[in-house]
There are 2 protein chains.
Amino acid sequence: MNEMNDASKNVRRRGDALIESIYNATIELIKKVGYTNLTFQQIAHAAKTSRTVLYRRWNTKFDLIHEIMEYKTKNALGGELIDKIEDTGSLRGDLLQLLTLYQSIYTEGGLEIMNAILFEIGQDSEKLSKIETNARNKNILVMRKLLGFAKNRGEKIKEVSDATLTLPFDLIRVENLLRRETMDAKRLELLVDEILLPVFLA
Amino acid sequence: MNEMNDASKNVRRRGDALIESIYNATIELIKKVGYTNLTFQQIAHAAKTSRTVLYRRWNTKFDLIHEIMEYKTKNALGGELIDKIEDTGSLRGDLLQLLTLYQSIYTEGGLEIMNAILFEIGQDSEKLSKIETNARNKNILVMRKLLGFAKNRGEKIKEVSDATLTLPFDLIRVENLLRRETMDAKRLELLVDEILLPVFLA
DNA sequence: TAATTAAGGTACATGTTGTACCTTAATTAG
DNA sequence: CTAATTAAGGTACAACATGTACCTTAATTA
């Protein structure tokens with residue numbers, strides 16, 4: 001009867017099964033209470049495990065969140081962004097493809113998580129600025145590849161600084177993090193037509 | 001001797017003197033420990049007042065921070081942004097002027113504060129999205145005024161969506177909040193020449 | 001000078017943290 | 001298949017932060 005519950009308590013999950021359960025509980029919680037109000041105590045309770053287990057693995061809630069982001073990003077893209085970029089036949093198509101892919105990280109990966117990451121960047125801890133710099137450098141390479149397609153096709157591309165090369169990514173971040181609107185295909189097209197093409201196409 | 005300290009404890013500041021002391025203590029603290037680690041307890045101690053005084057005035061640390069931001073913004077600009085915008089004789093000059101003024105809000109107003117604001121936006125509380133929407137609408141009006149100058153001078157301006165009109169502000173925000181680089185005049189010029197002029201000038 | 005206003009101080013229940021230490025289930029090795 | 005190892009679950013504790021209640025007392029005002 002009520003002994004069933006007590007009996008089931010003795011089952012101990014381990015490894016991936018446990019971890020994923022913690023990930024999911026964390027994501028649900030962060031949606032409910034927000035990142036600031038997120039506590040290890042609540043996570044442990046929601047994931048039906050103990051704080052001890054959490055502290056053993058992650059020193060701070062950011063460490064946990066960051067791990068979740070990487071896990072989610074992999075799932076959303078199925079690999080590195082630069083490998084997913086293909087020549088669509090036009091700069092417009094390529095840029096639209098890029099925005100769509102990059103947007104999917106935010107859509108699938110969970111806005112709440114990205115928000116937390118962004119916030120921690122603002123706290124300018126050492127490791128965070130490294131994460132940021134790495135991401136930026138990767139993104140610049142993606143854009144070089146993309147603009148390389150255009151040059152090979154004979155499209156006239158402006159020479160711009162590295163800082164400007166990250167514009168497509170910055171726009172997606174602004175849209176997702178600073179505004180809170182739905183990012184449909186129409187919105188992405190507008191970004192390409194009104195901003196990105198004038199900037200990159202001579 | 002040591003009674004001097006005890007005697008000085010009996011002096012009670014009130015009103016603006018007290019408030020400004022709290023503002024300053026908060027700004028110093030937030031620079032030291034960051035927004036997440038900021039506590040009313042620490043603020044009270046740093047401002048040499050008591051938690052009671054703080055709780056009476058602000059329900060959350062965000063309420064306090066938001067008030068500080070408004071106070072600082074007023075000081076930085078000395079009025080509303082739209083009133084500060086003047087016709088410099090060219091779109092390039094006008095845009096540079098706009099970026100410089102808007103940047104000063106971040107420089108003078110305190111990056112830490114803006115960061116906190118941004119973060120709370122991510123928590124999508126009711127009042128916060130209102131603050132955001134208001135700011136966006138104001139910024140759109142500023143850009144309309146600025147592009148109006150250009151049209152009157154006979155410069156050819158593209159017709160763009162409201163979403164694109166906020167680009168100058170979004171760029172400053174990205175630079176300040178997502179990156180952590182010094183925003184000198186050269187950087188602002190690059191934003192104007194490589195991004196804003198191609199977007200707005202036909 | 002008396003009444004009012006607002007700052008300072010104390011106390012308390014509640015919740016979170018980080019750590020230490022122990023028990024016990026699940027896995028692995030001999 | 002049993003014993004050793006690994007890792008999860010549980011309890012306890014000191015430290016700190018919160019939000020509230022209630023009281024005292026300095027500063028302002030009427």
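Just so it is clear: chains get the letters A, B, ... in the order the sequence lines come, proteins before strands, and each one is counted from 1.
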(request) Write down the distance between CG (A:L64) and C1' (C:dT17), rounded to a whole number of angstrom. (result) 15 Å

(message) Using whole Å, what does the distance between atom P of nucleotide D:dT20 and atom CG of B:L54 come to?
(response) 14 Å

(message) I need the CZ-P distance between A:F40 and C:dT19, as an integer number of Å.
(response) 11 Å

Residues 41-49 of chain B side chain polar contacts: donor-acceptor under 3.5 Å, at least two apart:
residue: B:Q42; atom: OE1; partner: B:T39; partner atom: N; Å: 3.3
residue: B:Q42; atom: OE1; partner: B:T39; partner atom: OG1; Å: 3.2

(request) May I ask you to verify whether the side chain of B:T52 and the base of C:dG9 hold a donor-acceptor pair under 3.5 Å? (result) yes

(message) Is it true that B:Y23 and B:E67 share a donor-acceptor pair across their side chains at a distance under 3.5 Å?
(response) yes

(request) Stems involving DNA chain D: give each as a range paired with a range, ordered by first number, where a stem means at least three consecutive Watson-Crick or G-U wobble pairs under 3.5 Å. (result) C:1-30 with D:1-30

(request) Please say whether the positively charged group of A:K61, taken as NZ for Lys or CZ for Arg, lies over the ring of A:F40, i.e. under 6.0 angstrom from the six-membered ring centre and within 45 degrees of the axis. (result) no

(request) Report the distance from atom CG of B:N37 to atom C1' of C:dT17, rounded to the nearest whole Å. (result) 12 Å

(request) Figure out the NE2/P separation between A:H45 and D:dG10, and round it to whole Å. (result) 11 Å

(request) Check whether any side-chain heavy atom of B:H66 lies under 4.5 Å from a side-chain heavy atom of B:I113, and answer yes or no. (result) no

(message) Rounded to whole Å, please give me the gap between CD1 in B:I43 and P in D:dA17.
(response) 11 Å

(message) As a quick check of understanding, evaluate salt bridge (charged side-chain N to carboxylate O under 4.0 Å, His left out) for B:R144 and B:E159, giving each step before the final call.
(response) CA-CA 11 Å; B:R144 290 232 179 88; B:E159 283 303 319; over 6 Å; no

(request) Mark up nucleotides 3-8 of chain D, 5' to 3', with B wherever a protein heavy atom is under 4.0 angstrom from a base atom, S wherever such an atom reaches only the sugar-phosphate, and - elsewhere. (result) ---BBB

(message) Less than 3.5 Å apart, any donor N or O on the side chain of B:T164 or A:E194 sitting next to an acceptor on the other?
(response) yes

(request) Can you tell me the distance, in whole Å, between the CD atom of B:Q41 and the C1' atom of D:dA17? (result) 5 Å

(message) Rounded to whole Å, please give me the gap between CH2 in A:W58 and C1' in C:dT17.
(response) 17 Å

(request) Can you measure from CZ (B:F200) to CD1 (B:I157) and round to the nearest 0.5 angstrom? (result) 9.0 Å

(request) Please check if any side-chain donor atom of A:T107 sits under 3.5 Å from a side-chain acceptor atom of A:S104, or the reverse. (result) no

(message) So, under a plain 3.5 Å distance rule, would you say the side chain of A:R51 forms a donor-acceptor pair with the base of C:dG18?
(response) yes

(message) Please identify which of these residues, A:K186, A:R187, A:R92, meets the salt bridge (Lys or Arg N to Asp or Glu O under 4.0 Å) condition with A:D193.
(response) A:R92

